[in-house]
Amino acid sequence: MSRDLDVLVVGGGAIGICSAYFLAEQGLQVTIVEQKEVASGCSGANAGLIVPSHSIPLASPGVLCQGLKWMLKPESPFYIKLRFSPILFNWLRRFRKASKYQQMLLGLHTLRDLNYSSLELFDHIISSESLSCDYRKDGWLLAYRTDKGLNKALDEARLLEDHDIDVKILSADDTLKMEPMLRDEITGGIFFPDDAHLDPERFVLALTELLQERGVNIHRQTKVLALEISNGHIKIARTTKEDFKPKQVVLAAGAWSPELVQNLSHELLVQPAKGYSISVKKPDSYPSLPLYLGEAKVAVTPLEDILRFAGTMELSGMDFSINRRRVDAIMHAARDYLRELEVLEIIDTRYGFRPCTPDGLPLIERFPGYDNLIVATGHCMLGISLAPITGKLVSQLVRGQTPDMDLSSFRVDRFR
Ligand SMILES: Cc1cc2nc3c(=O)[nH]c(=O)nc-3n(C[C@H](O)[C@H](O)[C@H](O)COP(=O)(O)OP(=O)(O)OC[C@H]3O[C@@H](n4cnc5c(N)ncnc54)[C@H](O)[C@@H]3O)c2cc1C
């Protein structure tokens, strides 16, 4: 016996929960299935930065060469584990293509527009729903220890400035004045005043609580095993607990999404890119601003009771192990850039799989050839930043409305 419902959302991460929020707001009867716990995936394990300043896609000139050099260093921030995998090979081929300057610029425009729309929605949702999630609009300070690192970052900052993203370029002295916990070796910094941050897990959980109050069903510890199709229509979603017969399905299963469409007409070109976050009890002295430790590529986010360090990007497939050398490299970087962090009480070390497309843009579309399946994944390094706008666009697709934005850049078949 299958249960009939309006919309089934697969995945209880930021994207699934924000989609459910906007769908429920439209009066639809929504059910969410999550294989573990809400926010147990990438959406709980990240830095919580809402960053229009991060609108340059990862695929940009020179990145692949740098990645190949870093492959030889086990503690490097970007790592590709080479293995026989036609899917990885195809992904890297597309990544290389997307790294061309003109394509990177198109990606930058698109991500900037998505980011600013999402930021407005964060303001609206958090204030109108009185969500308690430590949301702050303090900007984001990037700090560099070498001239080489700083100069590369300045090129990117100027590019962002040319594309209407507010940037403040700072001398070493001004960087230290802005954040006195940085060490004197800092050569300079860049400040992005428009950026914000929050506690990502608290945001997702607070929204989930609200959804439950509004009648959204949430099935935890329930894994979707298969989407059964007939004539271009998802008929039944089989799960480990019960079967559902939804009118519409939203696939928001993050880095796991490709598994669920293996039997459909198109593959989803999404690779899991593992990253770590280490939360420590807030020490007596801590940075007041969210930071980016430039050369080490480590984000530092001060939250209510914790200080969180996050970094590394490993293209190593669904590898569920914790690589101690990489975790240690994050903590070493913290001490290299910041003073007074000698004794830290680690509360939690987590990892998450960023769902990465080759061009760094998400996949948001009605799945080609299927009348009742909407895909919302592939947000790479920006899944928290872009969750509200994605949720809104998904709800418009489900309702058959014209989306607020042109979705052609987010097509599933763009990598064919
Ligand atoms: C270290 C690190 C730092 C980051 N920092 C930032 C940041 O500062 N700002 C930012 O914007 N982004 C950041 N990101 C990226 C961001 O965390 C992700 O893009 C985002 O969380 C992806 O959300 P999601 O909902 O698509 O995926 P997830 O959060 O992974 O959610 C997918 C969910 O689907 C569930 N699921 C999977 N398969 C099934 C199934 N078959 N049945 C039922 N449920 C299923 C999973 O259990 C999971 O809970 C960071 C990522 C990492 C790793």
Side-chain angles (χ1 to χ4, degrees), residues 45-49 51 53-54 56 58 66 69-70 73-79 136 138-157 160 167-193 195-197 275-303 306-314 323-351 381:
N46 61 78
L49 297 160
V51 272
S53 68
H54 227 47
I56 299 179
L58 179 65
Q66 179 66 67
K69 278 187 211 150
W70 270 334
K73 283 177 68 187
E75 66 288 351
S76 63
F78 181 43
Y79 176 70
R136 283 165 195 276
D138 292 347
W140 194 27
L141 176 62
L142 283 54
Y144 291 85
R145 283 163 56 93
T146 63
D147 289 339
K148 190 175 165 203
L150 179 62
N151 287 334
K152 186 166 180 296
L154 288 175
D155 288 345
E156 290 183 357
L160 290 166
V167 176
K168 305 257 175 293
I169 292 173
L170 304 173
S171 65
D173 281 352
D174 287 343
T175 310
L176 294 175
K177 264 189 217 137
M178 204 166 217
E179 183 45 74
M181 273 201 72
L182 286 163
R183 289 190 184 275
D184 295 338
E185 292 86 355
I186 295 303
T187 54
I190 300 165
F191 183 63
F192 291 102
D195 290 353
H197 68 282
Y276 296 101
S277 71
I278 302 128
S279 299
V280 302
K281 189 168 165 229
K282 226 169 175 184
D284 291 340
S285 313
Y286 55 86
S288 56
L289 288 174
L291 302 175
Y292 186 66
L293 313 179
E295 292 84 355
K297 303 195 181 302
V298 169
V300 186
T301 321
L303 297 170
I306 58 172
L307 190 59
R308 180 168 287 177
F309 302 91
T312 84
M313 178 169 272
E314 283 176 41
N323 183 326
R324 278 284 143 208
R325 287 178 84 162
R326 280 179 202 285
V327 171
D328 291 347
I330 293 175
M331 296 315 287
H332 280 143
R335 292 188 175 101
D336 285 347
Y337 284 74
L338 294 162
R339 55 179 106 231
E340 295 175 48
L341 289 186
E342 282 71 27
V343 185
L344 290 174
E345 188 185 323
I346 295 184
I347 299 173
D348 196 17
T349 300
R350 292 175 73 167
Y351 59 81
M381 304 177 295

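Residue L344 holds its CG atom at 11.5 Å from OG of S279, rounded to the nearest 0.5 Å. Atom-to-atom distance recorded for T301:OG1 and D138:CG is 11.5 Å, nearest 0.5 angstrom. The distance from atom OG1 of T175 to atom CG of L141, rounded to the nearest 0.5 Å, is 6.0 Å. We find the CD1-CG distance between I169 and D174 to be 12.0 Å, quoted to the nearest 0.5 Å. For the atom pair CZ of R136 and CG of L303, the computed distance is 9.0 Å after rounding to the nearest 0.5 Å. Residue M331 holds its CE atom at 11.0 Å from CZ of R324, rounded to the nearest 0.5 Å.
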Original post:
Do V51 and Y292 pass the side-chain contact (heavy atoms from CB on, under 4.5 Å) test, and can you show the C-alpha distance, the side-chain angles, and the key distance before you say yes or no?
Top reply: CA-CA 12 Å; V51 272; Y292 186 66; over 6 Å; no

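Taking I346 as the reference, I278, V280, T349 meet the side chain to side chain contact (heavy atoms under 4.5 Å, CB included) condition, with sequence neighbours excluded. Among residues two or more places apart in sequence or in another chain, the side chain to side chain contact (heavy atoms under 4.5 Å, CB included) test is passed with R145 by E185, I186, E295, D336, Y337.
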Listing, residues 177-184 side-chain donor-acceptor contacts under 3.5 Å, not counting sequence neighbours, or none:
| unit_1 | atom_1 | unit_2 | atom_2 | d |
| --- | --- | --- | --- | --- |
| E179 | OE1 | S288 | N | 2.9 |
| E179 | OE1 | S288 | OG | 3.4 |
| E179 | OE1 | L289 | N | 3.3 |
| E179 | OE2 | M181 | N | 3.2 |
| R183 | NE | R335 | O | 2.8 |
| R183 | NE | L338 | O | 3.4 |
| R183 | NH2 | R335 | O | 3.2 |
| R183 | NH2 | L338 | O | 3.3 |
| D184 | OD1 | R339 | NH2 | 2.9 |

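Considering all non-hydrogen atoms of both residues, L150 and G189 come closest at CD1-N, 4.1 Å. Across all their heavy atoms, V300 and P287 have their closest contact at CG1-CG, 4.2 Å. Minimum interatomic distance between A334 and L293 (heavy atoms only, all atoms of both residues): CA-CD1, 3.8 Å.
Not a single donor-acceptor pair under 3.5 Å links the side chain of K281 to the backbone N or O of I347. Without hydrogens or angle criteria, W140 side chain to L291 main chain gives a donor-acceptor distance under 3.5 Å. Of the possible donor and acceptor atoms, none in the side chain of S277 sits under 3.5 Å from a partner among the backbone N and O of A47. Between the side chain of T187 and the backbone N or O of Y144, at least one donor-acceptor pair lies under 3.5 Å.
Looking at M381 and M313, their side chains come closer than 4.5 Å, going by heavy atoms from C-beta outward. You'll find the side chain of Y351 stays beyond 4.5 Å of the side chain of N323, heavy atoms only. V343 places none of its side-chain heavy atoms less than 4.5 Å from the side chain of P283. Contact of the P290 side chain with the D195 side chain is not registered, since no non-hydrogen atoms from C-beta on lie closer than 4.5 Å. Residues E156 and I190 have side chains not in contact (no heavy-atom distance under 4.5 Å, counting atoms from C-beta outward). For the pair K168/F192, no side-chain contact is recorded, criterion being any heavy-atom separation below 4.5 Å from C-beta on. Contact check for E314 versus Y276: side-chain heavy atoms found under the 4.5 Å cut-off.
In the displayed structure, K152 atom NZ is contacted under 6.0 Å by at most 12 heavy atoms of other residues, nucleotides or ligands.
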